[in-house]
Amino acid sequence: MATPQRDELPVAGLTTGQLARLLGVSPTTLRSWDRRYGFGPASRADGRHRRWSPDDVAMAREMCRLTATGTPPAEAARTARLRARGSAGPDGPDEWPPVPSDRADGAEGTAPRAGSGLPLGRVRSECRGLARAAVRLDAEDVRELLRRAVAHHGPAVAWEEVMSPALQAVGRKWQSSGERGEQGEQYVEVEHLLSWHISAALRHYYLDAARPRRAATGAPVLLSCLPGEQHTLPLDVLTAVLGDEGLAVLMLGGSVPADALITAVRRVASLAVVLWAQTGDTADLALARRVAGARWGVRGARTQTPVLLCGPGWHQVTDAAEPPGLTYVTSLHDAVRTLTGLRREHPSR
């Protein structure tokens, strides 16, 4: 979330309520920081109302940034004050606070909402920080927190324990707000921001990791959403994880036309085809059968490619029977296990 430049702030300074709205935190949080850590505005207007100067605002923004990375509030307050006084460089007294360890949440991290207003439950500190930054619409913090999480944990753990819980909490908040007659739509923009940056972080991770593998051989896994299906995020996750497993990936993206999908399958000697359907409306079983029946290779030695059906939409249109050439995949781990198994079975592809 962009913060106004110092010369754009009111000369008299901001009230606590105004600053709270600017930062996306509650006034109670700001007062709590002041009471517990002596972290408050330096002056009062008319001797009564506290006003936050431009320097105070910068200090408070730094406090939000640090706590979003999982830094304990007391340490974050101390560092923010040092930076405000110029006693610390842009990376803090020693270095930017590291990504928190893999430990389970301690007493400080068990609050169900963790200051974000979202029903998070017990999650990693990175997830709490990501949720706080997303609710503030602070794109810079969201991007950096995601980058650190993927680099530290790898894409699979980062998705399952940091990204996905935050997204699910936003969805639950949006739904519950609507049921209570509140303005649940205010969390739609949070979900869009978070989804976009998660997708970007995973794609950047895959592309960066793919550079050293330019000489790698092996048939790629072809990933595609069906016609009308725009939810590409699950395939972005799978792409990043498969890259870590050393598998090449050919990602076609969202809402791929049926004829284009069939053409791609016939042109590419892929290890497998993964078809994603988020809802029953886009889970086209007839098209999936066409993909499974498509052949590639030279005349007289043509073969077919295994097809994996991924996403909750398939369960709405199929029964327990598994059509020939089609494999139902129920989870990210199931998909990775199946695809790495295919590579072992067909090393020449």
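It should be emphasised that the depicted structure is a prediction, and the values quoted were computed from it without experimental measurement.
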Least distance between heavy atoms, A335 atom then L308 atom:
O-CD2, 4.4 Å
Membership question, hydrophobic clusters at under 4.5 Å side-chain separation (ILVMFWY): are V150 and L207 in the same one?
yes
Identify the two heavy atoms, one from C225 and one from G254, that lie closest to each other, and give their separation to 0.1 Å.
CB-CA, 3.7 Å
Test: salt bridge (charged side-chain N to carboxylate O under 4.0 Å, His left out). Region: residues 326-339. Which pairs qualify, not counting sequence neighbours?
D334-R337
Less than 4.5 Å apart, side chain to side chain, heavy atoms only: is that true for L252 and L223?
no
Excluding sequence neighbours, so at least two apart, what forms side chain to side chain donor-acceptor pair (under 3.5 Å) with W159?
none
When you check the gap from the basic side-chain N to the acidic O, do R61 and D138 get nearer than 4.0 Å?
yes
I need the full list of salt bridge (charged side-chain N to carboxylate O under 4.0 Å, His left out) pairs touching residues 219-229, with sequence neighbours left out, sorted by first then second residue.
none
Count I, L, V, M, F, W, Y as connected when their side-chain heavy atoms are under 4.5 Å apart, and connections chain through other members. Are V221 and L332 then in the same cluster?
yes
Under the side chain to side chain donor-acceptor pair (under 3.5 Å) test, which residues partner E245, sequence neighbours left out?
none
Rounded to the nearest 0.5 Å, what separation is found between the CG atom of L275 and the CG atom of L326?
8.0 Å
Hydrophobic cluster membership, with links at side-chain heavy-atom distances under 4.5 Å among I/L/V/M/F/W/Y: are L285 and V307 in one?
yes
Distance-only donor-acceptor check, side chains E126 and H153, under 3.5 Å:
yes
Output yes when R143 and E140 qualify as a salt bridge under the 4.0 Å nitrogen-oxygen rule, no when they do not.
no
In one Ile/Leu/Val/Met/Phe/Trp/Tyr side-chain cluster, 4.5 Å: L287, Y328:
yes
H197-E144 side chain donor-acceptor pair, cut-off 3.5 Å
no
Please table the atom pairs, donor to acceptor, closer than 3.5 Å between any side-chain atom in residues 232-242 and protein atoms at least two apart or in another chain.
| residue | atom | partner | partner atom | Å |
| --- | --- | --- | --- | --- |
| D236 | OD1 | R203 | NE | 3.1 |
| D236 | OD2 | S199 | OG | 2.5 |
| D236 | OD2 | R203 | NE | 3.3 |
| D236 | OD2 | R203 | NH2 | 3.3 |
| T239 | OG1 | L235 | O | 2.8 |

Answer whether the closest heavy-atom distance between the side chains of S224 and V274 falls below 4.5 Å.
no
The single option from R136, R132, R147 that satisfies salt bridge (charged side-chain N to carboxylate O under 4.0 Å, His left out) with D141 is R136
Out of curiosity, M163 CE to L194 CG, how far, rounded to the nearest 0.5 Å?
9.0 Å
With rounding to the nearest 0.5 angstrom, report the CG to NE2 distance, L309 to H315.
9.0 Å
Can you list the steps and then say if E191 with S195 is a side-chain hydrogen bond (donor to acceptor under 3.5 Å, both in side chains)?
CA-CA 6 Å; E191 183 177 17; S195 297; 5.0 Å; no
Show the atom names and distances, to 0.1 Å, of all donor-acceptor pairs under 3.5 Å that link a side chain in residues 255-264 to residues at least two apart or in another chain.
| residue | atom | partner | partner atom | Å |
| --- | --- | --- | --- | --- |
| S255 | OG | G228 | N | 3.0 |
| T263 | OG1 | D259 | O | 2.9 |

We want to know whether Y205 and D244 form a side-chain donor-acceptor pair, criterion being a heavy-atom distance below 3.5 angstrom.
yes
Does P312 reach the side chain of Q278, with side-chain heavy atoms less than 4.5 Å apart?
yes
So, taking the atom named OG in S331 and the one named CD in E160, what distance separates them when rounded to the nearest 0.5 Å?
8.0 Å
The reported gap from CG in L250 to OG in S270 (rounded to nearest 0.5 angstrom) is 8.0 Å
Hey, any chance V336 and L202 share a hydrophobic cluster, counting ILVMFWY side chains that come within less than 4.5 Å of each other, even indirectly?
yes
For H192, what residues pass the side chain to side chain donor-acceptor pair (under 3.5 Å) criterion, not counting sequence neighbours?
none
Under the rule for side chain to side chain contact (heavy atoms under 4.5 Å, CB included), what residues qualify as partners of A277, not counting sequence neighbours?
T282, A283, W314
Side-chain (Q18) to main-chain (T15) donor-acceptor, under 3.5 angstrom:
yes
Quick one: list whatever passes salt bridge (Lys or Arg N to Asp or Glu O under 4.0 Å) with D281, sequence neighbours left out.
none
For the residue pair V249 and Y206, establish whether any side-chain heavy-atom pair is separated by less than 4.5 Å.
yes
Passes side-chain contact (heavy atoms from CB on, under 4.5 Å), L247 versus L271? Steps please.
CA-CA 9 Å; L247 274 73; L271 179 68; 4.0 Å; yes
Value for CE (M63) from CG (L30), rounded to nearest 0.5 Å, stands at 9.5 Å
